[in-house]
Amino acid sequence: MKILLYNPDNGVTRNFMPHLWMFLLRSLTPPGHEVLLIDGNAQPMDELQIAQYVQDEKIGLVGIGAMTRMIAKAYRVANAIRATGVPVVMGGPHVTELADEALGRDGGPRHADAVALGEADETWPQIVNDAARGELKAIYAPVDAAGKDKKPSLKEYPVIPWQSIDLAQFNLVPTAVAPLLNRVGTGWGSFSIIPVESGRGCPYGCEFCTVTGFFGDSIRFRTNESVVNELLLLKARARSEKGQIAVFFIDDNFAINVKRTKSLLRDIIAAKAQVHWVAQISANLLRDEELVDLIAASGGKWIFIGMESIDPTNLKDVNKGFNKPGEYAAVLERLARRNVYAITSFIFGMDNDTTGVAERTLTQVRTWPPGLPIFGLLTPLPATPLYKRLETSGRLTRPKHWQEFIPFAMAHTPLKMTIEEAHAEVKYGWEQAYSPEALAQAVDVLTDQPLGYRINVFLARLCFRGIYFPMMGKMAWLKVVAQNRRTILKLARDAFFGRRTRPTNPDAKDVYEPVAVPDVTSEVSA
Ligand code: B12
Ligand code: SF4
């Protein structure tokens, strides 16, 4: 049987990396079936095009996975495919929480023939076998013989054949900047970010988060050996293609068990398996100097930190009181001293937020080492404690917000400002943090760093800008390039003439002093 796995785009922004579930399920598919993958972020198709593709390719089963944000598109695609008579199975966090919606048992139309609840590592082979026999059931739940919820162990993790997977569609090097990057050093013909998981689960239970409910508070890890082998595979591929591969450890909290994370990082270093990597780690776990040393020495470059708010009352309200705003600066300095920077994520529209929250936050951000701040709105995702609280108190203004997905739009009323004011705060945050002046400042502060590093930070900033100001199409990019021409010219001069130009902003000064860390550059460059 031919199987298509499909991940929809959200129609607004495109993700910068492939979705792991597709590669994982393909690796877990029983022998004898051919599995094709379409990620809408790389191959945008409308529902009729996909339905046509399914017919042309004589596909026998389609699997669709989607976050809440993409579910409306996922349902439209599923409807078009089911209309051709091909069965559709859906999985992922949204349909796990709202299986009745996908199955049409809530009074609405049916979108899926079957739904895979929760983690599908062990149910997927059964789904495929049932579909091949034409005996697909409506619901597949990961349960043990006694019918009790069962979380898959990650000890026997499948090998994902990264050496042969077509990554061309996820190459992040724009053709326009390739000559500049080639000048900086060889091996920049391509650049892909690959999702790798080393473990699942987070016990912290922040009120707005799906993770603790979905993956359970039982934390499970792959063996160090299996993660190290995956990194070695990716590194070998990058070397053979004269390109770059970075890894996004998609664990929800990569250092949730600090002892184990240190042991993994030590094994990565010992096996010379370093690649540049990004991971999500909560601020409280980054107090440990030894951990941060190992992060830097093992190739860690960017850490995503869910700071959420600089207001302790807000943090307490959403059950994230373990975040201590008073230590944010120290955490970021600790990372920056090792040339590791942070993607700092903030949520506006929290119950204690008042107008001016964006400027108050930015005032602090400006005193920190340069990073990638991102701003979102408190969003009640289905089945989260937040959703239940707001529903009970009658504060949801769009209880089924996913049916008409609008980016950066609230679905409930904040307590101390209006919805419009909350939207304006987010807009202000993005405008200020990603203005040409702010981008120039971020590059200037790094004047003492190698050129490749500064280009990297600049490109990362440009890409992150696109989260709020979608840069789809050449015209949008040209406009941004024109706005940032002074910084681009400065980097280009440094690249071609090998000299340091004066900061664009003469007032820019270093806010930290990098300390020597083991040089892993030779290990990470392909
Ligand atoms: C990596 C990641 C991202 C990446 C993008 C995704 C990518 N390219 O990988 C980035 C960083 C861009 C991202 C962004 C966002 N993310 Co995100 N992200 C994740 C994260 C950390 C890992 C996803 C992953 O690969 N997991 C590992 C795989 C193996 O698990 P899985 O995807 O759930 O798949 C398993 C099952 O669900 C099931 N399954 C999944 N799909 C299918 C399909 C079929 C057919 C079947 C049978 C089974 C099946 O089988 C898999 C194996 O067990 C998850 C949290 C998490 N741990 O999952 C959040 C998560 C998915 N993200 C979330 C959110 C909210 C967002 C944002 C909206 C945040 C924001 N406010 O901006 C944005 C939106 C992005 C966009 N452009 O639309 C939520 C989604 C909740 C929801 N109900 O939708 C999650 C769950 C985290 C959370 N805090 O609750 N994210
Ligand atoms: S620490 Fe992160 S992953 Fe864990 S519950 Fe909180 S938001 Fe979710």
Side-chain angles (χ1 to χ4, degrees), residues 3-25 28 39 41 61-71 74 78 88-98 112 114-124 127-128 140 142 151-152 154 170 193-197 199-215 217 248-254 256 278-285 304-306 308 318-320 322-323 343 345 347 374-384 387 402 405 407-408 467-468 470:
I3 301 167
L4 171 66
L5 297 181
Y6 171 74
N7 198 97
D9 57 295
N10 62 39
V12 185
T13 53
R14 296 209 183 129
N15 284 329
F16 52 87
M17 72 170 175
H19 287 267
L20 181 60
W21 71 266
M22 310 175 83
F23 302 106
L24 190 58
L25 292 195
L28 292 167
D39 187 327
N41 292 292
L61 174 70
V62 177
I64 303 180
M67 296 184 204
T68 294
R69 191 176 151 109
M70 291 94 154
I71 202 70
V88 171
V89 51
M90 296 186 81
H94 185 88
V95 298
T96 294
E97 309 303 355
L98 298 177
V115 164
L117 301 182
E119 295 170 64
D121 308 54
E122 287 169 14
T123 47
W124 175 245
I127 294 171
V128 172
Y140 290 84
K151 302 286 176 206
L154 302 183
F170 294 104
I193 302 180
I194 302 300
V196 171
E197 60 180 341
R200 289 185 195 162
C202 176
Y204 287 172
C206 302
E207 194 193 31
F208 52 81
C209 180
T210 324
V211 168
T212 307
F214 186 87
F215 289 103
D217 51 12
F248 190 142
F249 284 115
I250 53 94
D251 307 34
D252 295 297
N253 209 336
F254 184 58
I256 192 67
V278 187
Q280 314 181 96
I281 302 179
S282 53
N284 58 318
L285 301 173
F304 182 106
I305 306 179
E308 328 303 7
V318 296
N319 202 30
K320 199 156 183 169
F322 58 85
N323 262 12
I343 301 162
S345 170
I347 300 176
I374 57 177
F375 310 94
L377 288 157
L378 191 60
T379 306
L381 292 168
T384 55
Y387 191 98
W402 49 91
F405 168 68
F408 297 102
I467 297 175
Y468 188 82

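Just follow the structure's listing: the first ligand is 1, and inside any ligand the first atom is 1. Quick caveat, the model's predicted, so the values are computed rather than measured. Residues take their numbers from the sequence shown, with the count starting at 1.
At least one heavy atom of Leu25 sits under 4.0 Å from some atom of ligand 1. The closest approach between a heavy atom of Met70 and any atom of ligand 1 is below 4.0 Å. Contact annotation: Ala66 has no heavy atom less than 4.0 Å from any atom of ligand 1. Residue contact annotation: Cys209 has a non-hydrogen atom under 4.0 Å from ligand 1.
Under 4.0 Å from ligand 1, the heavy atoms of Asp252 that appear belong solely to its side chain. Looking at Phe208 against ligand 1, nothing comes within 4.0 Å, counting heavy atoms. Looking at Phe304 against ligand 1, nothing comes within 4.0 Å, counting heavy atoms. When non-hydrogen atoms are compared, ligand 1 lies under 4.0 Å from the backbone of Ala120 as well as from its side chain. Neither the backbone nor the side chain of Pro382 comes within contact range of ligand 1; no heavy atom lies under 4.0 Å.
When every heavy atom of Pro93 is checked against every heavy atom of Thr210, the shortest pair comes out as CB-CG2, 4.4 Å. Considering every non-hydrogen atom in both Ala66 and Ile71, the closest pair reads CB-CD1, 4.0 Å. Annotation for Leu381 and Tyr387: closest pair O-CB, 3.3 Å, computed over non-hydrogen atoms.
Applying the 4.0 Å criterion to heavy atoms of Lys320 picks out, from ligand 2, the atoms 7 (S). Atoms of ligand 1 lying under 4.0 Å from at least one heavy atom of Arg200, given by number and element, are 29 (C), 53 (O). Of all atoms in ligand 1, numbered sequentially from 1 with element shown, those under 4.0 Å from a heavy atom of Phe215 are 30 (O), 33 (O), 56 (C), 57 (N), 58 (O). Within the listing of ligand 1, atoms 25 (O) sit less than 4.0 angstrom from a heavy atom of Leu20. Short contacts between ligand 1 and Gln280, defined as distances under 4.0 Å to a heavy atom of the residue, involve ligand atoms 21 (C). For ligand 1, the atoms lying closer than 4.0 Å to a non-hydrogen atom of Ile64 are 43 (C), 44 (C), 45 (C). Residue-ligand proximity, Gly92 to ligand 1, at heavy-atom distances under 4.0 Å covers atoms 37 (O), 39 (N), 40 (C), 41 (N), 42 (C), 49 (C). Distances below 4.0 Å separate heavy atoms of Ala116 from the following atoms of ligand 1: 47 (C). Atom numbering of ligand 1 starts at 1 in the shown order; those under 4.0 Å from a heavy atom of Trp124 are 47 (C).
Between Thr68 and Glu97, every side-chain heavy-atom pair lies at or beyond the 4.5 Å cut-off. A 4.5 Å side-chain heavy-atom check between Trp402 and Pro382 finds at least one atom pair inside the cut-off. Contact annotation: the side chain of Gln280 approaches that of Asp252 to within less than 4.5 Å [non-hydrogen atoms, C-beta and beyond]. Side-chain contact between Cys206 and Phe322: present, with at least one pair of heavy atoms (C-beta onward) separated by less than 4.5 Å. Between Pro195 and Met17, the closest side-chain pair of non-hydrogen atoms falls below 4.5 Å. No side-chain heavy atom of Val89 sits under 4.5 Å from any side-chain heavy atom of Val62.
Distance check: Asn7 CG to Asp39 CG gives 5.0 Å after rounding to the nearest 0.5 Å. Atom CG of Leu28 sits about 6.0 Å away from atom CG of Asp121, to the nearest 0.5 Å. Considering CG of Leu377 and CD1 of Ile347, their distance stands at 9.0 Å, rounded to 0.5 Å. Note that CD1 of Ile343 and CD1 of Ile305 are 9.5 Å apart. Values are rounded to the nearest 0.5 Å. To the nearest 0.5 Å, atom CD of residue Glu119 and atom CH2 of residue Trp21 are 15.0 Å apart.
The nearest non-hydrogen atom to atom 24 (C) of ligand 1, considering only Ile343, Asp39, Ile250, comes from Ile250. Here the shortest heavy-atom distance to atom 80 (C) of ligand 1, taken over Glu97, Glu119, Met67, Met17, belongs to Met67. Of the listed options Phe214, Trp402, Trp21, Tyr6, Trp21 places a heavy atom closest to atom 32 (O) of ligand 1. Which of Val278, Leu24, Thr210, Leu98 comes nearest to atom 79 (C) of ligand 1 through a heavy atom is settled by distance: it is Thr210. If you check each of Ala74, Gly65, Gly118 against atom 38 (C) of ligand 1, the one with the closest non-hydrogen atom is Gly118.
Distances from atom 4 (Fe) of ligand 2 under 2.8 Å pick out these protein N/O/S atoms: Cys202 SG.
The residue from Asn253, Asn319, Asn284, Asn323 that alone fulfils the side chain to side chain donor-acceptor pair (under 3.5 Å) condition with Tyr204 is Asn284.
The aromatic rings of Phe249 and Phe254 lie parallel to each other, their planes meeting at an angle below 30°, with 60° marking the opposite boundary.
Aromatic rings of Phe375 and Tyr468 (six-membered ring for Trp) have centroids beyond the 6.0 Å cut-off, not under it.
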